[in-house]
Amino acid sequence: MALTNQEIADIFNNIADMLEIQGENRFKFLSYRRAGETLGELPRDLQAYVDDGTLTDIPGIGKAISDKIKELLETDKLEFYEKLRAQVPESILQIKGINGVGPKKAKLFWNELNITTVESLQTAASEGKLRELPGMGAKSEQKIIESIQALSRNRGRTPIGNAKQAADTILAELVALPQVEEAMIAGSIRRGKTTIGDVDILAVSDDAEPIMAHFVGMGRVERILGQGPTKSSIELRTGLQVDLRVLPRERFGTALQYFTGSKDHNVRIREIALNKGYSLNEHALRPIDDAGNMLDESHYVYCGTEEDVYEKIGLPWIAPELREDQGEIEAAIAGKLPNLITAEDILSDLHMHTTWSDGTLSIREMAEAARERGKTHIVITDHSKRNIVANGLDGERLLQQQAEVRAVNEEMGDDFHVLHGVEMDILEDGDMDLSDDILAQLDFVVASLHFGLTQDRALITKRLLNALNNPHVDCIGHMTGRLIGTRPSADVDFDAVFEAALETDTVLEINANPARLDLDAQYARRAHQLGIKLAINTDAHSIKMMDMLPYGILTARRAWAEPENVINTWAFDRFYAWIQSRA
DNA sequence: GCCGTTTTCGGCCCGACTGTTTTCAGTCG
């Protein structure tokens, strides 16, 4: 069994950490870290790039790293890494991962006290041994004790839905303060990343002190990580870290650009700024003269908006969702940025549940809620019979339901349309849960995996291919079945599935539920590039879930999706004609 | 280690905050 992209990415991340602890040239270990980040986001298996001979076309992958990737794929091992592991105990990387402990401290603890595990670090700290070390003191020691305790509270990244909710609550509180002129969420929430490391909030004000005082004094604060005149950081009781920066109005553009990230995007932007004769930071563009000297403050160029920042360095504004240094800078330079889909483009929801299976609302209630949200048509797609816990429908009940759908459709008038479909299970053995003669009577069929998600790649892929090749299946719902942070993706051969989707003209769903966001943007982008149709559906079981659509839009935008390729943007007549043209 | 319409060698972004320092290193984003 070949190593997965993520496993190889993890190895490069470990190599980067180990080299950093060893004091290796920073550009060298940063190269490994960059490679690690890139490999974790690829839409195809690394072996596919090897087969194509396109491995070194991936940004940040040169000769040395591509050779190591090949060695790992061929032998499951890497000699370079094994040698490194013999020099640096791997458990030290967990120590480096503790907030407030970086490579230098980790090495110090290891060399001076022979500490190689978090447990032994905790013991040493509680015995007061760390404070004796050079550059350490009682405060640093106490911080380390607190950070180790925080490890159990904060388990890695937070799903965007949870993070955004927490961020919105704090944002509302800040906006209500008299000193705050304006406040905005920046960082990875603004970029629409699936999971969030920490929350970044930006506030406009000339009077930061009372804002900072309020921020660190909020009831939900577990501990204060730092507090200064322009930047403060807190950890919430949930373990989530929130950073607040306060800046005057005229710096809002540079600050928003800066704190929206991503880091890689910003590095590129600042390089471009340098080429235009500016050093760019969160405060201003600072001109540099021909001799390479930065001019004094009187020459600084301030930008109140992000558009200003990009314009001053000769670029069009780039949507936050694209800012990952994944080709958006090149596209901006070439004037070929995509015309990204927006929430206003979405006219339909093609995957919704009702009380007929496990939803909480009737068909009529879902239809009215959808109309209130600006939709012109929906498809009711309750579960099929295999999904017993969800009260899935067999053929007989489906046809009963169809009568009610048709009746509601009549009641809703001419400007709103309710169609009848199903979310049919793709069974564990690869069969469909409903017969062809039942499927043929439905307007739109979503086929989904719900069970047997841990099957091997061959079986999972066979099931999906069976569904794609069924003439009645119009759309594959939440393809990998992942639940972010709780259930891993099924092991799908995306190349094979995409090929079949293209050939059979089957739509692939971006499920907007923030617990799913499936397809993930990296795969949706590849599907979109290949010319596969996409749908953005809420999979709503309730009104509240209908309002999760923005997460699906963010994901689609991260996939560079344009309205034309997303069938929810099609007017009803066009959509209806298209499904009629299919079996 | 990566990369190239200013380079195949010599570059590779930038600042805030903290704690331990007598002016700065370490960490973080």
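Just so we're on the same page: letters track the sequence lines, and every chain starts at 1.
- The side chain of Arg26(A) contributes no N or O atom lying less than 4.0 Å from OP1 or OP2 of dG11(B).
- The separation of dC28(B) from dT23(B), taken at their P atoms, amounts to 25 Å, rounded to a whole angstrom.
- Atom CG of Asn266(A) and atom C1' of dC12(B) are 16 Å apart (whole Å).
- Atom OH of Tyr258(A) and atom C1' of dC28(B) are 11 Å apart (whole Å).
- Stacking is found between Phe27(A) and the pyrimidine-like six-membered ring of the dC12(B) base under the 5.5 Å centre-distance and 30° plane-angle cut-offs.
- Rounded to an integer number of Å, the gap from CD1 of Ile144(A) to P of dT18(B) is 16 Å.
- Residues Lys193(A) and Glu324(A) are not paired through a salt bridge, judged by the lack of any N-O separation under 4.0 Å between the basic side chain and the carboxylate.
- Seen from the ring of Phe80(A), Lys68(A) counts as a face-on cation partner, given the 6.0 Å and 45° thresholds.
- At distances below 3.5 Å, at least one donor-acceptor pair connects side-chain atoms of Arg157(A) with backbone N or O atoms of Thr195(A).
- Rounding to whole angstrom units, CD of residue Glu20(A) and C1' of dG29(B) are separated by 14 Å.
- When the C1' atom is compared between dC13(B) and dT18(B), the two are found 22 Å apart, to the nearest whole Å.
- Although no hydrogens or angles enter the test, the distance criterion places no donor-acceptor pair under 3.5 Å between the side chain of Gln94(A) and the main chain of Val118(A).
- In this structure, CD of Glu146(A) is placed 14 Å from C1' of dG19(B), rounded to the nearest angstrom.
- In terms of phosphate contacts, Thr230(A) brings a side-chain nitrogen or oxygen within less than 4.0 Å of OP1 or OP2 of dC17(B).
- Counting non-hydrogen atoms under 4.0 angstrom, Leu30(A) reaches nothing in the nucleic acid.
- A distance of about 8 Å separates the C1' atoms of dT8(B) and dG4(B), rounded to the whole Å.
- Residues Arg33(A) and Glu37(A) are not paired through a salt bridge, judged by the lack of any N-O separation under 4.0 Å between the basic side chain and the carboxylate.
- Phosphate proximity of dT18(B) to Gln227(A): absent, as no side-chain N or O sits under 4.0 Å from OP1 or OP2.
- Ser279(A) has a side-chain polar atom (N or O) that falls below the 4.0 Å cut-off from OP1 or OP2 of dC14(B).
- For Glu271(A), taking side-chain heavy atoms from C-beta onward, the closest of the listed nucleotides dG29(B), dC12(B), dG19(B) is dC12(B).
- Between the CG atom of Asn275(A) and the P atom of dC13(B) there is a distance of 11 Å, given to the nearest Å.
- Following rounding to the nearest Å, Arg131(A) (CZ) and dT21(B) (C1') show an atom-to-atom distance of 18 Å.
- Nucleotides dG10(B) and dG26(B), compared at atom C1', are 28 Å apart to the nearest Å.
- Nucleotide dT8(B) forms no Watson-Crick or G-U wobble pair with any nucleotide shown, as no partner meets the under 3.5 Å limit on both distances.
- Note on Asn281(A): a side-chain N or O is less than 4.0 Å away from OP1 or OP2 of dG15(B).
- The phosphate of dA16(B) (OP1 or OP2) has no side-chain N or O of Lys231(A) nearer than 4.0 angstrom.
- dC14(B) atom P lies 17 Å from atom CZ of Arg245(A), rounded to whole Å.
- An OP1 or OP2 oxygen of dC14(B) is reached within less than 4.0 angstrom by no side-chain nitrogen or oxygen of His283(A).
- A sub-4.0 Å separation between OP1 or OP2 of dG26(B) and a side-chain N or O of Lys104(A) is present.
- Considering Glu250(A), Arg251(A), Gln257(A) as possible partners of Thr254(A), the one that fulfils the side chain to side chain contact (heavy atoms under 4.5 Å, CB included) test is Arg251(A).
- For dT6(B), the base adopts the anti conformation, since its glycosidic angle falls more than 90 degrees from zero.
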